[in-house]
Amino acid sequence: MKSKLWSLLFWMVIAAAFIGPGTVTTAAAAGAGYGYSLLWALVFSVFACIILQESAARITIASELSLGEAIKDRFKSQKVALSIGVAIFLGCAAYEAGNILGAISGVALIFTGIKPSVFTLIIVGVSTLVLWSGKTQTVANIMGFVVAIMGVAFLISGLSTPINGADLLKGAFIPSLPEGSVLITLGLVGTTIVPYNIFMGSGLAKGQSLSFMRFGLVLAILIGGLISTAILLAGASVVGEFSFENLAATLTKNNGVWMSYTFAIGLFAAGFTSSITAPLAAAITLKSVAKNEKGWDGNGLKYRLAWGSVMLTGLVFGVTGVKPIPVIILAQAANGLILPVIAIFLWLICNNSAYLKVHRNGFGMNLAMLITVFVASVLGFINVFKAGYATVGSSFAFQGLNQMAILALSLLVTFLAGWKVMKERLL
């Protein structure tokens, strides 16, 4: 029982990483704008997250290679692995400011008139001390504890709202796309299935048993999905335009001021945990794709420079208030392409007997990964199209030629990947 409890606590770092301010904003806005009708997207994203994270961790446990090392070894390309690592690193750096500002938004709901720069320095300072220890398991355990606080806060907030059971079940299991909901639907998927999480999960799996990993990882992701659902339920109670302030005011009106404080604690915890896990994931990812050199252990100079650079980026943008829009656009495009690429790499390696002898994918897992690769491709191409339109100053609409082009490209990518998987099983 104790080992299972520690397994769950250890793997809660994955939930901590994908439940950040972006997830809170997207899930709450989905609830505020569309009620329960987009809940099915969260259900699917949790399913896909389990598939990809378990696959990456299984590869590491079976082959004793991290995901980056397995990609380098299987495809004989240091450049491909390094390109993926650099793109994920840039994504972590671009969104670190948002993580810190999200934590400050939670504090601001309780303490009005605060100076963001002061709390930025405090959050960065505490996060740096946590990461400086260099002990990944200690960091994971700390994150597990903070996520527990966040989870309780958001669950209380979400369950305090009136819930229609029939509509809840319908929204969870019957897919629908209300008018204007395509991008926010894909946003729900994109904030749950995070590319850097897959590399981080692989790195954390080293030295663990398959049963230990599966119990803790799957349960942690399910709990994360439950927390995201609670946030969506809380958002569904908002009347009018969504904002953190409006949601807090609605919770206060329905339940008293203590509920506003509860939500604020959850929002702060979401931002704080992500402000630690983003730099940690960047360091683990670069470590996995780098050449075998000194300095990449938990206390090594290169490892600390990797997570320190991400933390410094968040500090600069957090203190100055400048939003790195061009970098964020570039990161969106890069990460949009990376997710299906990683999903395809995982699909291929999980069917190769050289890496997984007795733990290769079966029919059910391959079918699940086929669906995941298709949705990841759609999500990736939409992000790339959005970034392209933003670059030239035009608005993006998922309709007409854009819709047909994205679906056609996604089907083509999935078909070609499936064909390669069939060949991979013969190796």
Side-chain angles (χ1 to χ4, degrees), residues 7-20 23 42-63 65-71 84 88 91-92 136-137 139-140 143-144 147 188-228 273-274 277-278 280-282 284-285 288 335 338-351 355-356 359-361 364-373 375-376 379-380:
S7 173
L8 174 61
L9 185 64
F10 178 81
W11 282 105
M12 283 303 290
V13 69
I14 298 297
F18 75 71
I19 303 177
T23 300
L42 270 181
V43 173
F44 169 78
S45 62
V46 168
F47 159 80
C49 184
I50 289 173
I51 295 298
L52 296 178
Q53 293 284 170
E54 188 276 343
S55 297
R58 176 160 42 101
I59 288 170
T60 297
I61 292 171
S63 67
L65 297 174
S66 67
L67 179 56
E69 292 168 339
I71 291 173
I84 292 174
I88 290 178
C92 292
T136 303
Q137 184 160 351
V139 176
M143 291 301 94
V147 168
L188 288 172
V189 178
T191 59
T192 306
I193 311 172
V194 186
Y196 68 67
N197 261 12
I198 298 172
F199 279 86
M200 183 167 68
S202 169
L204 293 173
K206 280 197 171 182
Q208 295 195 19
S209 68
L210 197 63
S211 59
F212 182 92
M213 176 273 291
R214 281 177 170 163
F215 176 85
L217 178 63
V218 172
L219 189 55
I221 294 173
L222 289 174
I223 291 173
L226 182 62
I227 294 171
S228 296
T273 54
S274 292
T277 53
L280 175 64
I284 290 176
T285 301
S288 73
N335 282 281
I338 286 170
L339 181 57
V341 169
I342 294 174
I344 291 169
F345 284 164
L346 285 172
W347 195 11
L348 290 170
I349 296 173
C350 282
N351 282 279
Y355 298 92
L356 292 91
H359 301 303
R360 281 202 306 172
N361 278 4
M365 182 62 79
N366 278 328
L367 179 60
M369 293 196 79
L370 182 147
I371 296 170
T372 302
V373 165
V375 175
L379 177 64

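Atoms OG and CD1, from Ser288 and Ile71 in turn, are 7.5 Å apart once rounded to the nearest 0.5 Å. Considering CD1 of Ile51 and CG of Leu370, their distance stands at 12.0 Å, rounded to 0.5 Å. Here the straight-line distance linking atom OG1 of Thr285 with atom CG of Leu67 works out to 8.5 Å at 0.5 Å rounding. To the nearest 0.5 Å, atoms OG (Ser55) and CG (Leu356) are separated by 9.0 Å. Between Ser66 atom OG and Lys206 atom NZ the span is 5.0 Å, to the nearest 0.5 Å.
A heavy-atom distance below 4.5 Å is not found between the side chains of Val46 and Leu226. Considering only heavy atoms from C-beta on, Leu188 stays 4.5 Å or farther from Ser45 through its side chain. The shortest side-chain heavy-atom distance between Trp11 and Met213 falls under the 4.5 Å cut-off. Counting heavy atoms from C-beta outward, Thr191 and Phe18 have side chains that stay 4.5 Å or more apart. In this structure, Phe199 and Ile84 have side chains that are in contact, with non-hydrogen atoms separated by less than 4.5 Å. Proximity of Cys350 to Ile59: side-chain heavy atoms (C-beta onward) are separated by under 4.5 Å at one or more points. Put simply, the side chain of Thr372 does not reach to within 4.5 Å of the side chain of Trp347, judged on heavy atoms.
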Exercise for the section: Just do the side-chain contact (heavy atoms from CB on, under 4.5 Å) check on Phe10 and Gln208 with the steps written out, would you? Expected result: CA-CA 11 Å; Phe10 178 81; Gln208 295 195 19; 2.7 Å; yes
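Minimum heavy-atom separation, Ile19 to Gly224: CD1-O, 3.5 Å. Contact record, Ile193 with Cys49: CG1-N, 4.1 Å, taken as the closest heavy-atom pair. What you find for Tyr196 and Thr277 is that their closest heavy atoms are CE1-O, 4.5 Å. Contact between Ile371 and Phe44 at its shortest, heavy atoms only, is CG2-CE1, 3.9 Å. Scanning all heavy atoms of the two residues, the minimum distance from Pro195 to Ile342 falls at CB-CD1, 4.0 Å. For the pair Leu217 and Ala57, the tightest heavy-atom approach, listed with the atom from each and the gap, is CD2-CB, 4.5 Å.
Partner of Ile198 under the side-chain contact (heavy atoms from CB on, under 4.5 Å) criterion, out of Leu52, Ile14, Ile88: Leu52 alone.
If you check the side chains of Ser202 and Thr60, you find a donor sitting under 3.5 Å from an acceptor. Defined by atom type and a distance below 3.5 Å, a donor-acceptor pair is present between the side-chain atoms of Asn361 and Arg58.
Between the side chain of Gln53 and the backbone N or O of Asn197 there is at least one donor-acceptor pair closer than 3.5 Å.
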